[in-house]
J.: 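Before I ask anything, let me first share the structure, which is written out below as structure tokens.
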Amino acid sequence: MSDVIKLLPDSVANQIAAGEVIQRPASVIKELVENAIDAQATHVQIILKDAGRTLIQIIDDGVGMSDTDARLAFERHSTSKIRTADDLFTLHTMGFRGEALASIAAISQVELRTRRRDAQLGTRLVINASQCESQEPDMCPVGSNFMIKNIFFNVPARRKFLKTNQVELSNIVKEFEKLALVNHEVEFTLMHNGNVMYKLMKGTFRQRIAALMGNSIDQQLLPVTIDTSLVKVQGYVGKPENARKRNALQFMFVNERYMRHPYFHKAVMSAYEQLIPEGEQPNYFLRFTVDPQSIDVNIHPTKTEIKFEDEMPIWQILAAGVKEALGRFSEVPAIDFDTEDAPAIPAYTSHVEVHHPEIEVDSSYNPFKPSAGSGSGQTRHHAPERQTMSNWDELFANFERKKREGMESVQQPDEHLEEISQEPVLPMGDLQSVYLQLKGRYILSPAKSGLMVIDQHRAHVRILFDRYISRLHTGSMSSQAILFPEVLHLSAAQSVALQELLPEMEQMGFALSPLSGNDWSVNAIPAGLDGVDPTSMIHQILDSVENGGMPLKKRILEHLALTVARSAAIPAGRTLMQEEMDILVADLLRLPEPNYTPDGKTIITVIPMEQINKMF
């Protein structure tokens with residue numbers, strides 16, 4: 001019997017390694033830019049075509065390579081940065097494994113031009129899928145010029161799973177931000193399809209933050225300075241009032257290397273307790289300096305997961321340092337009372353007429369139009385304006401008609417829901433006792449088979465989504481101009497995503513125009529969204545696209561319609577009047593698919609009588 005275990009060819013081994021090291025075009029840029037920084041470059045230029053699919057070109061003015069070094073650099077585990085295993089614990093360079101260039105060469109077509117400062121001529125090296133095709137002398141500038149063409153051309157499965165150009169470019173910009181932030185003394189230029197996206201001059205850490213994230217962030221930063229024998233931390237944290245629910249700018253670096261460290265993130269968050277609402281995240285840009293022997297960066301191929309020898313004391317030092325920074329600038333928390341489930345205590349004054357809550361009826365509030373405030377750009381929390389309704393008989397007749405229409409037309413696939421469509425929940429004349437709201441989130445109603453429970457937010461999402469899709473199909477989607485256009489501040493990655501989505505967003509009813517930098521003017525929004533913060537809604541759209549990836553072209557409008565519906569829908573926790581619940585349920589039950597949201601979440605469920613009886 002012949003032997004069955006064989007050594008893999010180098011080309012195959014390199015492709016396997018590439019699966020760990022090179023996951024997408026952004027990974028190529030990370031590895032090559034880190035090599036340029038290790039080569040003492042003072043200016044790095046990144047040129048892209050088709051978000052890196054067609055071309056990734058990295059030009060630096062570093063020390064360059066000799067003929068032999070250029071050829072040897074593409075061999076696996078060849079490196080100039082370590083000699084022995086002990087060197088792994090005294091690292092002062094970004095790279096050290098010698099896997100990046102071999103992995104890149106295994107899945108692309110590479111052309112390298114490089115020259116050392118003390119050489120008259122450089123060298124030009126061409127490699128195709130790990131195979132060296134040619135090497136010849138070349139007249140080129142000092143430094144290195146890498147051209148990576150047709151990434152994953154010989155691994156069709158990997159190329160197939162690349163996202164759209166917009167998503168890949170967004171990932172590239174995020175990787176670029178990490179590299180440019182910490183290397184603020186290096187000049188960077190990023191170009192895509194001939195357009196300059198960034199041109200960053202060298203400066204201070206704070207200047208680089210403002211250049212990348214926008215000048216408006218400069219006024220939001222509080223300096224953090226910690227100097228101990230164990231760790232030194234320098235950087236900035238954001239003011240509590242500038243915390244975000246999404247897309248928070250959070251960067252940590254150790255010894256000039258980007259890292260993800262959930263444990264230290266919790267230390268920062270602990271300093272913001274009682275300062276920011278639950279669910280919001282502060283901005284921070286923190287640079288750690290520690291003894292290289294006290295950390296291990298060799299635990300993950302991407303080198304972003306780093307193990308610290310003294311995690312617990314550093315956690316305490318970091319939390320105390322951030323608290324001190326917040327306290328030094330008088331960012332003191334206000335008293336916060338726990339009002340959840342607390343009884344409402346009316347405030348009586350000499351000039352306010354007090355009404356009994358059971359008698360007062362808000363007849364004008366429409367659940368499909370969130371409350372509008374006096375401002376033009378911020379989220380509104382004011383109570384809805386009250387108007388007098390003169391024809392109560394007609395109003396209740398409309399409620400009864402809508403309810404009957406909804407009950408007759410609803411299609412219930414669930415066996416517990418079949419009986420709901422056959423008869424009214426309660427006699428139509430008893431409108432004031434049909435529905436009960438629970439915790440400002442659920443609408444309860446008795447049914448023949450048990451108790452029907454409706455999620456009010458999801459119900460409204462379903463209603464709005466179907467309404468938007470119907471208008472899009474009929475071409476009747478209209479816009480509502482904003483009296484005072486609002487300015488939308490975006491990162492470069494978000495600006496790229498918005499530019500890609502612009503045609504579909506205009507079809508949805510948005511009107512946006514670019515301003516300087518990455519700022520946009522919001523001039524109009526889809527009609528019927530009074531009181532919704534336009535900038536927050538667009539951030540939700542961009543966040544949804546970023547997290548879920550760009551959908552297929554034919555589904556982009558549905559994707560946008562769902563995101564807009566989520567943003568404009570009645571939020572959980574809002575108290576509804578009885579007539580508002582009547583309208584909401586009647587509109588829901590008239591829909592072809594009332595039981596689930598467009599993304600498959602349950603809207604209606606029924607608790608059977610058998611289960612209720614068992615409880616007693």
Side-chain angles (χ1 to χ4, degrees), residues 7-41 44-48 52-83 87 91 93-116 119 121-155 158-159 298 301-303:
L7 287 174
L8 286 174
D10 288 342
S11 59
V12 177
N14 287 339
Q15 284 194 15
I16 294 173
E20 288 287 332
V21 180
I22 308 301
Q23 301 169 355
R24 53 184 1 124
S27 306
V28 176
I29 292 171
K30 171 186 179 294
E31 299 294 344
L32 294 182
V33 171
E34 286 180 350
N35 282 347
I37 293 168
D38 288 340
Q40 304 169 20
V44 178
Q45 186 176 6
I46 304 169
I47 301 173
L48 306 172
R53 293 172 185 266
T54 305
L55 173 68
I56 300 172
Q57 186 172 7
I58 310 292
I59 306 172
D60 69 69
D61 59 353
V63 297
M65 290 180 279
S66 65
D67 299 357
T68 304
D69 286 346
R71 179 71 175 270
L72 192 58
F74 289 93
E75 297 296 329
R76 199 166 176 218
H77 301 311
S78 59
T79 178
S80 62
K81 300 165 187 177
I82 63 173
R83 291 290 181 267
D87 294 339
L91 286 172
T93 57
M94 302 297 289
F96 54 87
R97 288 200 187 98
E99 289 182 317
L101 290 181
S103 299
I104 292 170
I107 46 86
S108 64
Q109 298 164 336
V110 180
E111 181 178 326
L112 168 63
R113 287 183 169 90
T114 182
R115 178 168 74 90
R116 295 184 62 87
L121 285 176
T123 186
R124 176 178 179 269
L125 181 65
V126 177
I127 297 178
N128 190 341
S130 294
Q131 301 299 317
C132 181
E133 293 188 345
S134 66
Q135 183 174 13
E136 58 189 10
D138 187 73
M139 180 62 70
C140 59
V142 174
S144 298
N145 182 344
F146 284 89
M147 297 179 67
I148 314 300
K149 304 175 184 178
N150 301 322
I151 186 173
F152 296 125
F153 80 100
N154 58 341
V155 191
R158 294 293 299 277
R159 189 174 179 89
N298 192 31
T302 61
K303 311 185 192 84

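Each residue takes its place number in the sequence, starting with 1. Note: hydrogens, waters and symmetry copies are ignored here, and every other heavy atom, side chains too, is used.
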J.: How long is the gap from CG on Leu112 to CZ on Phe74, to the nearest 0.5 Å?
T.: 5.0 Å
J.: Given Leu32 and Ile104, is the side-chain contact (heavy atoms from CB on, under 4.5 Å) satisfied, shown in steps?
T.: CA-CA 10 Å; Leu32 294 182; Ile104 292 170; 4.0 Å; yes
J.: Check Gly52 against Pro25 and note the closest heavy-atom contact, atom names and distance.
T.: CA-CB, 4.2 Å
J.: Show the atom names and distances, to 0.1 Å, of all donor-acceptor pairs under 3.5 Å that link a side chain in residues 143-152 to residues at least two apart or in another chain.
T.:
unit_1	atom_1	unit_2	atom_2	d
Ser144	OG	Thr114	OG1	3.2
Asn145	OD1	Gln57	NE2	3.1
Asn150	ND2	Gln109	OE1	2.9

J.: Quick one: pull up CD in Glu136 and CG in Leu121 and give me the separation to the nearest 0.5 Å.
T.: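 Going from CD on Glu136 over to CG on Leu121, the span is 11.5 Å.
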J.: By side-chain hydrogen bond (donor to acceptor under 3.5 Å, both in side chains), which residues pair with Arg71, not counting sequence neighbours?
T.: none
J.: Please report the C-alpha distance between Ile107 and Asn154 in whole Å, then the side-chain angles of each, then the deciding distance to 0.1 Å, and finally whether the side-chain contact (heavy atoms from CB on, under 4.5 Å) criterion is met.
T.: CA-CA 6 Å; Ile107 46 86; Asn154 58 341; 4.1 Å; yes
J.: Which pair of non-hydrogen atoms, one from Ser103 and one from Ile22, has the smallest distance, and what is that distance?
T.: CB-CG1, 3.9 Å
J.: Quick check: do Arg24 and Ser27 have side-chain heavy atoms less than 4.5 Å from each other?
T.: yes
J.: Would you name the heavy atoms of Ala106 and Ser130 that are closest together and state the gap between them?
T.: CA-OG, 3.2 Å
J.: Given Met65, which of Asp67, Val63, Asp69, Thr68 fulfils the side chain to side chain contact (heavy atoms under 4.5 Å, CB included) condition?
T.: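 For Met65, the side chain to side chain contact (heavy atoms under 4.5 Å, CB included) test succeeds with only one of Asp67, Val63, Asp69, Thr68, which is Asp69.
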J.: Considering non-hydrogen atoms only, spot the tightest contact between Ala70 and Thr123 and give its length.
T.: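 Ala70 and Thr123 have their closest heavy atoms at CB-CG2, 3.9 Å.
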J.: Any idea which heavy atoms bring Arg159 and Arg53 closest together, and the distance?
T.: NH1-O, 3.8 Å
J.: Check whether more than 12 heavy atoms from other residues, nucleotides or ligands sit under 6.0 Å from atom CD of Gln40, and answer yes or no.
T.: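 Incorrect, the count does not exceed 12.
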J.: Determine the minimum heavy-atom distance between Gly122 and Cys140, stating which atoms define it.
T.: CA-SG, 4.0 Å
J.: Got Arg116 and Val142 here, is their nearest side-chain heavy-atom distance under 4.5 Å?
T.: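 No, their side chains stay 4.5 Å or more apart.
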J.: Give a yes or no on whether the backbone of Pro141 and the side-chain of Asp61 come within a donor-acceptor separation of less than 3.5 Å.
T.: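 Pair absent, no side-chain N/O of Asp61 close to backbone of Pro141.
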J.: Could you grab the distance from atom CD1 of Ile59 to atom CD1 of Ile47, nearest 0.5 Å is fine?
T.: 4.0 Å
